[in-house]
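Just so we're on the same page: letters track the sequence lines, and every chain starts at 1.
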Amino acid sequence: MDRRTFLKSGTAGAALAGSAVAAPAIWSPAQAQARQETLLIVSESGPNNIDIQGVGTNVPGYEASWNSYDRLITHAMKTLPDGTQYYDRDKIVPELAEDMSVSDMSATFKLRKDATFHDGAPVTAKDVKWSLDRSVSVGGFPAFQMSAGSLTKPEQFVIVDDYTVRVDFLRKDRLTIPDLAVIVPCVINSELVKKHAAANDPWGLEYTKQNEAGGGAYKIVRWTPGTEVVYERNDAWKNGALPKIKRVIWRMVPSAGNRRALLERGDADISYDLPNKDFAELKQDGKLKIVSTPYSNGIQYIGMNVTMAPFDNLKVRQAVAYAIPYQKIMDVVLFGLAKPMFGAPPGTPPSVSWPQPHSYNTDLAKAKQLLTEAGFPNGFETVISFDLGFAGVNEPLCVLVQESLAQIGIKTTIDKIPGANWRTELNKKSMPLFTNVFSGWLDYPEYFFYWCYHGQNSVFNTMNYKSPEMDKLIDGARATAAVGDTANYDKDVEGFVDLAFHDIPRIPLYQPYVNVAMQKNISGYQYWFHRRLDYRALVKA
Amino acid sequence: MLQQIAKRFLTAIPSVIGVIIITFLLTRVLPGDTAAYFAGPAATPAAIDEVRKQLGLDLPLSQQFIRYTIDLVHGNLGQSLTTGQPVVSDIAARLPASGELTLLGLVVSMLIAVPLGILAAVKQGSLIDHACRIVATAGVSLPVFFTGLVLVYVFYYLLGWAPPPLGRLDVFYSAPPTVTGFYLIDSLIAGDLETFRAALAQLALPAITLGLFALAPIARMTRASMLAVLASDFVRTARASGLSTRMVIVTYAFRNAMLPVITTLGMVFSFLLGANVLVEKVFAWPGVGSYAVEALIASDYAPVQGFVLVMAILYILLNLFIDILYGVIDPRVRLEG
């Protein structure tokens, strides 16, 4: 080595060392570079638990789990006609597993051999089994979600060898595989968590509530409850293409006006829970990129309790369905940001899809006539209830319905129920008339109907609707779907949709949109069934 | 003096006990079912019962109260369900944020209100007196969240002078090492002027919002008290003795007029702590006020109880402090004590 090259390598080394020292300088001010590599998300509220399998983990907690833990399998993306990236319900791709083979009564997953957790420990079959056992054993929401795919017992998860896991089916159920791709069955660093487990907490829920123990594409480096979550990219991530964004800062900004101001001034990169009016205005301004995607398998509706007079009378329910000011709700309440679920031409046969529009429209004369036929020529008095937690949409919606019903003689008083109390009220099934929204993670008609219309009367069958004919059709669809009997499946689905529209215990209004506003230089937004952000695909130019 | 403090503490004990009982009962009669809220959107009644059991909400009220007081004696205020943290650590982490904001708000309003009140009293009926009246009325009648939003709109959104309303520090700064929990003080201790400047910039708008709200009582009280003192005999004597106006007003009149102002300050400080709740919401400020409101919305008892308890203790300490301050300003009070 001569003097010149030595000097050269010296300066190169110094430069390298210099840049290494400069890395923590993300925190020193005015670092345009750091800003460039950091994504700033603002939203109304943040997680209360970063483990989806914890007790009472809230919806923002799902986002933390989704980005910092991996699952065995996930969904591929497809492009909608409008260019939006949308998860492909029918195309499952490997994530932690590199191969999946499904036989008649089991599925076998071969794990990647090079995948590691954030502390460097390898991901093995032991971890997968422990995590799946945990998801069906902790009770509450996680166990409930797993049971939706007929996954209820730890014995169903079998270690074949260090890198192979088999999942045995309890029964044939076409929701079993998709249910392994939802957020709940994430793979957790079992050795790490076991160290922190206690006799009264065998699954280490207290530890994972505060500490992330995953191997996902992002590590949670700081979480200040109610203030912010900070993620850093896991550069050792092997289960997909390395994400472009190095650092994600998710700040809670409770005031919607300020979130909008932050976006418009270009200080925040993404926000996704602004009022519809703001989104409509931002869309018109054109300074930001707004992506609106309908909730998969989700509908806002007006429900009527069919066990309470006068809503036990079919003609009364139909009269109400003809008296809803559908278009006005779309224009005034939603500013057009929703997909109408009404206005199908009369006599349209139902199709094998869900959600689909019904053929009721606003026709006050017809409503009045139906009400007279039902024996209420002078109308009646009732109460309409809504969840104050979503007052931004619910309140104007109920006022419009109240106005319109008054025109056919139905006098309503509005009952505003605090968000914390809403679920209790739903469970009681004692509200005569109400508006609510339901959406299912798994996008299948029979899944929606099983929760909302089946006589087993889950909390989402808010109308207390029981019909043997309906139950037969729903059970039929579930059975035929499991064995792939398409012809009978189609018949059953068309049958229950038709019956739901004829009996009309709940009146579908619209499919709400997930609205996401972002700066023009942000791309790669993907719509997921859980409706939260996936940071992995996002790019900041 | 020490005896006086001890006596004051003793009288505070019944109030604290009362506060504990009342907050416990009040949070129990609030509408909303905590268990249903935390069991999640897809819970079955069985799952809700399970959560209820886990939270100890299935026990009779008396037993719940006994458990609560025992925990309290051990310094345990319970777990917050919304943040998932122990309430004590939540409040400890958030109290300095609220304290810093409230104190600065109080300083801002004093800096404006006291001179304004004195000027209004000295030049009674003049333009400045009317201005004082208008500013005070406007400040107290505008709700704080409105003032806050207007300030954000004008100074951040339109003019771009203020930093983004993102809490105590911009996202690209890290907090100074904690000594007092007050960022302004801690950053000075650490010698980090850059962070000091950033923290002050974040504080400016919320502190001004609070300051405007607190203007009225301080300015009006200063004015009224100054008027009374200016009309008194000793001021007339001082004037007759040929002392300069400045000397008469600042040294003699003002010091004597301060006593009612101090009382007002104590009261203003306590209602600023209350007004904080809304200001914190607007400015995404991670303080105790926004914490309590979020907990209330979720029917999360423990933080609400903890918040009320901490506030009650704060009020008691504050009143004690003001009593002592009286003694410093007016020796007669000290002698009587």
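Residue A:Leu262 comes nearest to B:Pro165 through the heavy atom pair CD2-CD, 3.9 Å, listed as atom of the first residue, atom of the second, then distance. Across all non-hydrogen atoms, the minimal contact from A:Met252 to B:Ala284 is O-CB, 3.5 Å.
The contact between B:Leu149 and chain A is made entirely by side chain atoms (from C-beta outward), counting heavy-atom distances below 4.5 Å. Contact annotation for A:Trp223: only side-chain heavy atoms (C-beta onward) come within less than 4.5 Å of a heavy atom of chain B. Residue contact with chain A, scored on non-hydrogen atoms closer than 4.5 Å, is absent for B:Leu278. Heavy-atom distances place both the backbone and the side chain of B:Val282 under 4.5 Å from chain A. Contacts of A:Glu425 with chain B are absent, with no heavy-atom separation under 4.5 Å from either backbone or side chain.
The environment of CZ in B:Phe146 is sparse: at most 12 heavy-atom neighbours from other residues, nucleotides or ligands sit within 6.0 Å. The 12-atom threshold is not exceeded at CZ of A:Phe390, counting heavy atoms of other residues, nucleotides or ligands nearer than 6.0 Å. The number of heavy atoms from other shown groups lying within 6.0 Å of NZ (A:Lys429) is above 12.
Contact tally against chain B (heavy-atom pairs below 4.5 Å) for A:Ala143, A:Pro254, A:Gly61, A:Ala148: the top residue is A:Pro254. When the candidates B:Phe283, B:Tyr291, B:Trp285, B:Tyr156 are compared by the number of heavy-atom contacts under 4.5 Å with chain A, B:Tyr156 comes out ahead. Counting heavy-atom pairs closer than 4.5 Å to chain A, the top residue among B:Ala93, B:Ala198, B:Gly160, B:Gly167 is B:Gly160. Between chain A and the residues B:Pro163, B:Pro286, B:Ser290, the largest count of heavy-atom pairs under 4.5 Å involves B:Pro286. Among A:Val253, A:Ile50, A:Asn58, the residue making the largest number of heavy-atom pairs under 4.5 Å with chain B is A:Val253.
Looking only at distances, no side-chain donor or acceptor of A:Arg265 sits under 3.5 Å from a matching main-chain atom of B:Pro164.
Contact annotation: the side chain of A:Thr227 approaches that of B:Arg94 to within less than 4.5 Å [non-hydrogen atoms, C-beta and beyond]. Side-chain contact between A:Asp267 and B:Asp170: absent, with no pair of heavy atoms (C-beta onward) separated by less than 4.5 Å.
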